[in-house]
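Note sheet for the following structure.
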Amino acid sequence: MLRDPMTTPPMPETPAPQVLEPKVLSIVLAGGAGKRLQPLTLKQAKPALPFIQHRRVIDFVLSNLWHSGLRQLLVLTQYKPRSLHQHLQQFWQPVFNRCGFLQWYQAPASVCQGTAGAVAAQLSVIRDQRPDVIAVLSADHVYKMDYRQMLAFHQQQQVAVTVAAIAVPVAQARQFGIFTVNDNHRICGFIEKPQGEVPQIPGKPGYALASMGNYLFNASSLYQLLDNASLSQPVDFGHDLLPALFRQQQACVYDFSNNQLPGEQSLPNYWRDVGTLAAYFHSRLDILQHSDWLEGPAQRWPILAANSSALKMRLCPRAMQRLTLQYQRPLYA
Ligand SMILES: Nc1ncnc2c1ncn2[C@@H]1O[C@H](COP(=O)(O)OP(=O)(O)O[C@H]2O[C@H](CO)[C@@H](O)[C@H](O)[C@H]2O)[C@@H](O)[C@H]1O
């Protein structure tokens, strides 16, 4: 018997299985004093330093967040933040506020909180957002990264925290937190800025596995960590909080070399912490030689830039030239 389509009630549709995206709140750490970058940081914070072609150092992490679709973020500032705030207000806030938000919080210059202490100070603002996952990212790194891939990995691993990591030459290892991991990517050892012997990557002699200082926390784990921390003195993620999680095998590493970006990348998986004068100038030279990596008609993961008139480069050009020449030798020589 034929049924009249006008009268027969439609079959209820089987609901499509829903993959619930976790709600991610990103926290960009932009408050450090940048002592190792003096004299460049005498007047302004490290993340506000001009880098290349109208870009400031902080534009890397913010572009990555934008392209990764993580558009709810807090920027924590402290040291000489005037030009940084101006840049955020003039360029980035209108961008993120289109479909998310960007807010910044300035800690008083007189307090010394450490990285985790700075996050703890904003805990009520963070909790108000009810995130599932909290991304804690440094503002002084030059790199491109799709954080969604790290997030997918973090969800799969079901750990309290996932830390992005990269292989660095052992000669550089002192500047970083160095991991040892088991076959399941779980962290089983960690030394923050080792002064003695450096654990090398099995099968990759001469290299150590370094923390990139980028963390994805389950929100509840981060709250617990911060609730248990004694905040009467400066508390750092690397020095103070993370080792406990590592000991409980509640942390894993995300290998940055697995991060794939769309389109052609002339510097694949490039990452530099530009926290020292040498690293800052070497990285500028690297990028100058691959300026198509930043932008260009074919670039599908460009590092976004404010127009030049909005950016007041406050560095003396002659000082820049002198320092560029001074640091013109390979970083990893
Ligand atoms: N009170 C504060 N408020 C807001 N922001 C603040 C802050 N104190 C510092 N910051 C910012 O947080 C970021 C990281 O801080 P640090 O420079 O202290 O860590 P460092 O780079 O030495 O080590 C870390 O990053 C390297 C990778 O670069 C890892 O290897 C290592 O394990 C890890 O501890 C920087 O962007 C800095 O400006």
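Just so you know, ligand 1 is whichever comes first in the structure, and atom 1 is the first atom listed for that ligand. Note that the structure is a prediction, hence the values are computed from the model and not measured. The first residue in the sequence is number 1, and the count goes up from there.
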Short question: side chain of Q72, backbone of Q129 - any donor-acceptor pair under 3.5 Å?
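Absent.
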Side-chain (D146) to main-chain (S68) donor-acceptor, under 3.5 angstrom
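No, D146 side chain to S68 backbone: no donor-acceptor pair under 3.5 Å.
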Report the nearest protein non-hydrogen atom to [atom]: residue, atom name, distance rounded to 0.1 Å.
| atom | answer |
| --- | --- |
| atom 16 (P) of ligand 1 | T115 CG2, 4.7 Å |
| atom 30 (O) of ligand 1 | S211 O, 2.7 Å |
| atom 7 (C) of ligand 1 | G32 N, 3.9 Å |
| atom 23 (O) of ligand 1 | K193 NZ, 3.6 Å |
| atom 33 (C) of ligand 1 | E192 OE2, 3.6 Å |
| atom 17 (O) of ligand 1 | K46 NZ, 4.0 Å |
| atom 14 (C) of ligand 1 | S138 OG, 3.7 Å |
| atom 5 (N) of ligand 1 | G31 N, 2.8 Å |

Any idea which atoms of ligand 1 are less than 4.0 Å away from a heavy-atom of [X]?
| X | value |
| --- | --- |
| D140 | 35 (C), 36 (O) |
| M212 | 27 (C) |
| A139 | 36 (O) |
| F176 | 27 (C), 30 (O) |
| L76 | 4 (C) |

Less than 6.0 angstrom separating the ring centers of [X] and [Y], yes or no?
| X | Y | value |
| --- | --- | --- |
| W271 | F256 | no |
| F217 | H154 | no |
| F237 | Y215 | yes |

Could you point out which residue of Y270, W301, Y143 forms a ring-ring contact (aromatic ring centres under 6.0 Å, His included) with W293?
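Answer after filtering Y270, W301, Y143: Y270.
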Looking at CG of D59 and CZ of F51, how far apart are the two atoms once the value is rounded to the nearest 0.5 Å?
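Reported to 0.5 Å precision, the distance equals 11.0 Å.
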On the six-membered ring of Y223, is R127 placed so that its NZ or CZ lies under 6.0 angstrom from the centre and within 45° of the ring axis?
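So R127 does make the cation-pi contact.
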Counting only heavy atoms not in R300 (residues, nucleotides, ligands), do more than 12 fall under 6.0 Å from its CZ?
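12 or below, so no.
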Neighbour count >12 (heavy atoms, 6.0 Å) for atom CD, E197
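For E197, atom CD is not crowded (no more than 12 foreign heavy atoms under 6.0 Å).
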I'd like to know whether ligand 1 has G114 as a neighbour, heavy-atom separation below 4.0 Å.
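In this structure, G114 qualifies as a contact of ligand 1 - some heavy atom is under 4.0 Å.
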Taking N or O atoms only and a 3.5 Å limit, does [X] qualify as a polar contact for ligand 1?
| X | result |
| --- | --- |
| G177 | yes |
| A118 | no |
| H141 | yes |

Are L123 and L137 connected, step by step, through hydrophobic side chains (Ile, Leu, Val, Met, Phe, Trp, Tyr) whose heavy atoms are closer than 4.5 Å?
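The answer is no; the residues belong to distinct hydrophobic clusters.
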Closest to atom 28 (O) of ligand 1 among I58, V168, D273 (heavy-atom distance):
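Nearest heavy atom to atom 28 (O) of ligand 1 lies in D273.
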Candidate with minimal heavy-atom separation from atom 1 (N) of ligand 1, of Q106, K35, Q78:
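Residue with the shortest heavy-atom distance to the ligand atom: Q78.
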Side-chain heavy-atom pair Q157, R186 within 4.5 angstrom cut-off
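Yes, close enough: below the 4.5 Å cut-off.
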Is the contact between A30 and ligand 1 made by the side chain, the backbone, both, or neither, using heavy atoms and a 4.0 Å cut-off?
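Only the backbone of A30 comes within reach of ligand 1.
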